[in-house]
Amino acid sequence: MSTDPFVVHRGLLFTVAYELLGSAADAEDVLQESWLRWSQVDQSQVREPRAYLVRIVTRQALNQLRTASRRREEYVGEWLPEPLITSPDVAEDVELAESLSMAMLTVLETLGPTERAVFVLREVFDVPYDEIAEAVGKTPAAVRQIAHRAKEHVAARRPRVEVDPAEQEQVVERFLAAFNTGDLQGLMDALAPDVVAVADGGGKVRGAARRPIVGAAKLVAYVRGGLAKFGVTPVATPAWVNGGPGARVEVDGTLVAALSFTIEHGRITQIFSVANPEKLERLDAESAITR
């Protein structure tokens, strides 16, 4: 077994990069570039390899974030993070699971690159302010101010209701059973009246709504109309997506979408549907997520 610190901490480094970027493909690019930089360092002079590696990955991710934001301005339709299949164990770490959720990652998209890095490193990975300061090129005092602002920004936008993972699973199972059997009343019962559904087809998938759909009645009508129009019979199977109960959707054995949910008071309040084929490439295996 390798004792190279990069290999030992790879799961952590991937998780940091993914939370900063919302893209597994970009996170892997960051890890590759970070490994090249690490391999050129005199490692005998590095006293804390974990902190040093997190710093390298953060800097590379910040570079990626600045170019990614320009790409996303040209994106067709709604942009959602690239979904990951995660272990059920991730859900047991409530803070980590929440930070990985589609709901949280979409909130993080509203932060600037430096704010996002400071928030993620501090709130998710508990990195000391002085280490964050080195990673983002700011003073520790400035980082404290940025962290405070970012925390307030996120708190104002994140779902506030804590839900037990077992309860989440039950709600999602009811929804999927109704979806697979065409039980429209069952779908309505699982959805909050003001549910918001966001789909990311990247301009490549017919039938993917390019704007959010608001309201249970509108969403069920949209699903019913879409199935009738395209004549397909999708099958949704439960999966752990981004730290919570979600689903893989297949048509004739081909993966066509990943679903992620936000649940409050026993009903689904948000549905995130990622159908862009470029974002479904990692959905056949669990991603190693840790902190």
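Because the structure is predicted, anything quoted here is derived from the model rather than measured.
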Might you confirm whether atom CD of Glu109 has over 12 heavy atoms from other residues, nucleotides or ligands at distances under 6.0 Å?
yes

same_hphob_cluster(Leu21, Leu62) at 4.5 Å side-chain heavy-atom cutoff
yes

Are Leu53 and Val41 co-members of a hydrophobic cluster defined by side-chain heavy atoms under 4.5 Å apart?
yes

Could you tell me the separation between the [atom1] atom of [X] and the [atom2] atom of [Y], rounded to the nearest 0.5 Å?
X	Y	atom1	atom2	result
Glu123	Glu98	CD	CD	10.0 Å
Gln60	Leu13	CD	CG	12.0 Å
Asp93	Ile289	CG	CD1	11.5 Å

Non-neighbouring partners of Tyr129 that pass ring pair (Phe, Tyr, Trp, His ring centres under 6.0 Å), sequence neighbours left out:
none

How about Phe175 and Phe261: are their ring centroids closer than 6.0 Å?
yes

Identify whether the distance between the nearest side-chain nitrogen and carboxylate oxygen of Arg248 and Glu250 falls below 4.0 Å.
yes

Carefully, step by step, assess Asp183 and Thr181 under the rule side-chain hydrogen bond (donor to acceptor under 3.5 Å, both in side chains).
CA-CA 5 Å; Asp183 177 3; Thr181 57; 5.0 Å; no

Under the side chain to side chain contact (heavy atoms under 4.5 Å, CB included) rule, what do Leu31 and Arg10 come out as? Steps first, then yes or no, please.
CA-CA 8 Å; Leu31 258 61; Arg10 194 184 193 286; 3.6 Å; yes

Which hydrophobic side chains are connected to Trp79, either touching it within the sub-4.5 Å cutoff or through other members that do?
Tyr75

So, Arg59 side chain and Glu134 main chain: donor-acceptor pair closer than 3.5 Å or not?
yes

